[in-house]
Amino acid sequence: MLDLKYVAQNFDAVVARLQSRGGSLDLGPFKSLVSERRDLYVAMESLSARRNTANEEMKRKAKEDPAALEALRGEMRTVSQTIKEKEARLKEVEEELSRILLVIPNIPHESVPVGGGAEDNVQVRSWGEKPNLPFTPKQHFELGEKLGMLDFERAAKVSGSRFAFYKGALARLERALVSFMIDVHTPKGYVEMLPPYLVLRETMMGTGQLPKFEEDAFKTVGEPERFLIPTSEVPVTNYHADEILDGDQLPRKYCAFSPCFRAEAGSAGKDTRGLIRQHQFHKVELVKFATPDTSLDELEKMTDDACDILRRLGLHHRVMLLCTGDMGFGARKTYDIEVWLPGQGTYREISSCSDCGDFQARRAKIRYRAQKGDKPQLLHTLNGSGLAVGRTTIAILENYQREDGSIAIPEALVPYMGGLKELRPM
RNA sequence: GGAGAGCUGGCCGAGUGGUCGAAGGCACCUGACUCGAAAUCAGGCAUACCGGGAACGGUAUCGUAGGUUCGAAUCCUACGCUCUCCGCCA
C-alpha cells in the first residue's frame, strides 16, 4: 500500500509512475475523498474539543448549579450527535480511500526499465552453458512417466487437473532438494522456518495477495475463513506484522519451506502438461526484513543466494531484471532467475526475487527503530524463491537426462539421496 | 466441544463512570557524583493525525466492533485471542 499523504501530495507523478506498469488504473474520487477526510477531521476535532471543555464544566456544575448543568447537557447531546454523524461519514470516506489504496500496486524503483511485458525484461547475467545433449532431449513429464515416477492420470482421478503423484526415487529427489536448499541457505544467516499453510484474510492483505487477487487463492469454508498460502512469503513476512524491530537486528533473514497452493485462475490452457504449473507445489522461500537504505543491496545478495543453488546443481541459468510491465503487485524491483530446460528448449522462471520497499510493511505494520529512542519507521521487506522445488526437479530431469531415459543425479544431491547416483525406471 | 480466569504503554502491573494518556516498577535516554564503571540522586521517556518557525496546543488510541451516557480503560452486548481444567484427537 502506498502512503496516503504521499499519493495526495504527488498525485500526478504517482499516477504517471504507476501507468508504466500497464493495465488500467482508476484512482476515482481519490482527491476529493482526501479533502473531505481532512474537513471531517477538522470539524470533529473542534467539536470534540468543545465537548471536552464542557465536560470539565459539568463536573463542577454537577454540585454547584444543577440548572446550568441541564442546559449544558442538552447542548452536549446535540454536539455528541453531530460528532457521531461526522464519525460515521468519516468511516465511509476512509473505507472508500483504503479500498482504492489497497488495489494500487507498488511504484517501480527508478532503476527498473520501463516496458510492457516479458519481452522488455533485461538480462543482467547468466551462468553456465546449455548442456550439449547428443540426442533429442525429452520433456520432464515424458521422462518422469517413462521412469514410472510421475503419475498425472491418477492425480487427475484423485484431485482433478494440475496435480501429480511423485513416486519412488523422484519423490525422494524432491524431498532431497528441499533439505539441500535449506542446508545451503542457513549457513548464510537465514533462519529456518516452518510456517502455517493456512492464513487469515488480514494476513493475505498484509503481503498484497488480497483484496485484488482473491480468485487466485484457495479458501476454506467455515468460520473464520482461511486461505491456503500461495507462497510462504505470506506467513513469514507477516510473522513480524504489528511489530517494531530493533535496527541493529536488521537485516533479519528467514528461509522457509512450504507447499504453495494456487488456483491458477486465468491460466487455463497454459502449461497444462507436466509439473510446470500445478495447483500445489513446493518452494523454499527466502524472506528478508531490511532497512530502507540497504534493501536494494540485500536484493542483490538474495538473488545471488538463490543462484547459488543452481550453481551447485550445475544448472545453466540467466538473471533477468523485470521491466515495469512484468513486475508483481507489491514489488518495486524484481529479478527473475530463469533456468534452461533442454526438453522445452526454453528458459523458465525458477525464482523471483523482489524488493517490496515499504509497500508490505505499511500494510502489515512492520516497523523498526534505527536507534534506541528514535521514532519507529517502516522497514523494507524482500522475498525470493530459493528455489521453486518442483521446477528444480524439472530442471534436473531435463538437464541430466540420458538417451536411455535414465537421469543422472547432480553430485551435490547424492548424499541427500542416500548415495543414489541415478534414476532408473522402477 | 464444555467450564473458568484474563487481555492496560517496549515489558511487568495499578486503576470499577468525570480529578486517567493512564499510579508504581523494569528497561532506555540525559545530567549530577566518579579517573571510569556500578550504586545513588534529579529529570526525561507511547503512537498517529491537525495547527504552529519553534516552544507548545488540539484530537484520537487501555484486545476488536457495537451500545448506554452530557462524559467510558471503568457499565452492557457480540466477537477474537491467551491461560487453566475436562472431553476428543494425529
Side-chain angles (χ1 to χ4, degrees), chain A residues 1-10 30-31 33-99 101-102 194-206 210 220-227 235 238-250 252 259 289 358 361-379:
Chain A
M1 185 163 63
L2 302 178
D3 179 38
L4 173 73
K5 212 195 287 182
Y6 180 80
V7 177
Q9 285 169 357
N10 307 280
F30 181 84
K31 282 172 115 171
L33 287 170
V34 169
S35 70
E36 186 179 0
R37 186 181 92 111
R38 200 196 144 82
D39 294 344
L40 284 166
Y41 263 114
V42 171
M44 280 173 56
E45 288 195 356
S46 69
L47 285 169
S48 295
R50 166 72 188 126
R51 181 176 66 185
N52 287 343
T53 57
N55 286 337
E56 290 293 315
E57 276 180 71
M58 291 178 75
K59 254 182 284 172
R60 281 180 274 113
K61 290 198 173 148
K63 292 169 190 165
E64 303 158 10
D65 190 350
L69 180 80
E70 268 318 306
L72 260 184
R73 183 177 285 175
E75 187 199 336
M76 286 309 107
R77 210 168 280 170
T78 60
V79 168
S80 286
Q81 189 53 37
T82 312
I83 291 174
K84 272 185 190 165
E85 283 160 15
K86 302 248 182 225
E87 233 167 19
R89 175 58 191 155
L90 180 66
K91 200 176 157 189
E92 283 174 19
V93 169
E94 299 217 300
E95 273 170 10
E96 214 165 318
L97 272 172
S98 76
R99 256 200 301 281
L101 277 177
L102 283 170
L194 195 62
Y197 305 152
L198 288 165
V199 297
L200 300 170
R201 173 171 288 272
E202 60 187 286
T203 306
M204 293 282 274
M205 290 279 233
L210 293 181
T220 62
V221 294
E223 280 296 310
E225 61 177 357
R226 289 186 233 270
F227 295 82
N238 281 283
Y239 179 73
H240 287 303
D242 290 310
E243 291 185 19
I244 301 169
L245 306 182
D246 284 342
D248 55 15
Q249 292 176 354
L250 297 178
R252 287 221 200 184
F289 299 84
D358 63 15
R362 185 171 296 107
R363 288 172 166 247
K365 298 186 192 69
I366 313 169
R367 296 176 295 173
Y368 79 104
R369 218 184 283 274
Q371 303 271 316
K372 287 214 184 305
D374 282 4
K375 283 195 159 193
Q377 55 182 310
L378 295 171
L379 47 69

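First the proteins, then the strands, lettered A, B, ... as listed; each starts at 1.
Atom name P, nucleotides B:rU61 and B:rA72: the rounded distance is 9 Å, in whole Å. Nucleotides B:rA48 and B:rA39 are separated by 31 Å at their P atoms, to the nearest Å. B:rG44 sits 24 Å from B:rC49 when the C1' atoms are compared, rounded to a whole Å. With both ends at atom P, the span from B:rA73 to B:rC7 equals 16 Å, rounded to whole Å. Spacing of C1' atoms, B:rG21 relative to B:rA90, comes out at 48 Å, to the nearest Å.
Minimum atom distance to the side chain of A:Arg367 is reached by B:rU47, of the listed B:rU59, B:rU47, B:rG71. Candidate nucleotides B:rA60, B:rU47, B:rG58 were compared by shortest atom distance to the side chain of A:Arg369, and B:rU47 ranks first.
For A:Ser46 and B:rG58, the shortest distance from a side-chain N or O to OP1 or OP2 is not below 4.0 Å. Taking 4.0 angstrom as the limit, A:Lys84 places a side-chain polar atom (N or O) nearer than this to OP1 or OP2 of B:rU68. Phosphate proximity of B:rU69 to A:Asn55: absent, as no side-chain N or O sits under 4.0 Å from OP1 or OP2. Residue A:Arg38 has a polar side-chain atom (N or O) positioned under 4.0 Å from OP1 or OP2 of B:rG51. For the pair A:Asn52 and B:rU59, the criterion of a side-chain N or O lying under 4.0 Å from OP1 or OP2 is met.
Heavy atoms of A:Ala54 sit nowhere under 4.0 angstrom from any nucleic acid atom. Contact annotation for A:Lys91: backbone-only contact, meaning every heavy-atom pair under 4.0 Å involves sugar-phosphate atoms and none involves a base.
Each of A:Lys5 and A:Thr53 lies near RNA chain B, and the nucleotide nearest A:Lys5 is the one positioned closer to the 5' end. Residue order along RNA chain B, read from the 5' end via each residue's closest nucleotide, puts A:Ile244 first among A:Ile244 and A:Met76.
In a base pair of the Watson-Crick type (N1 to N3 plus N6-O4 or O6-N4) or a G-U wobble (N1-O2 and O6-N3), with each distance short of 3.5 Å, B:rA60 is matched with B:rU47.
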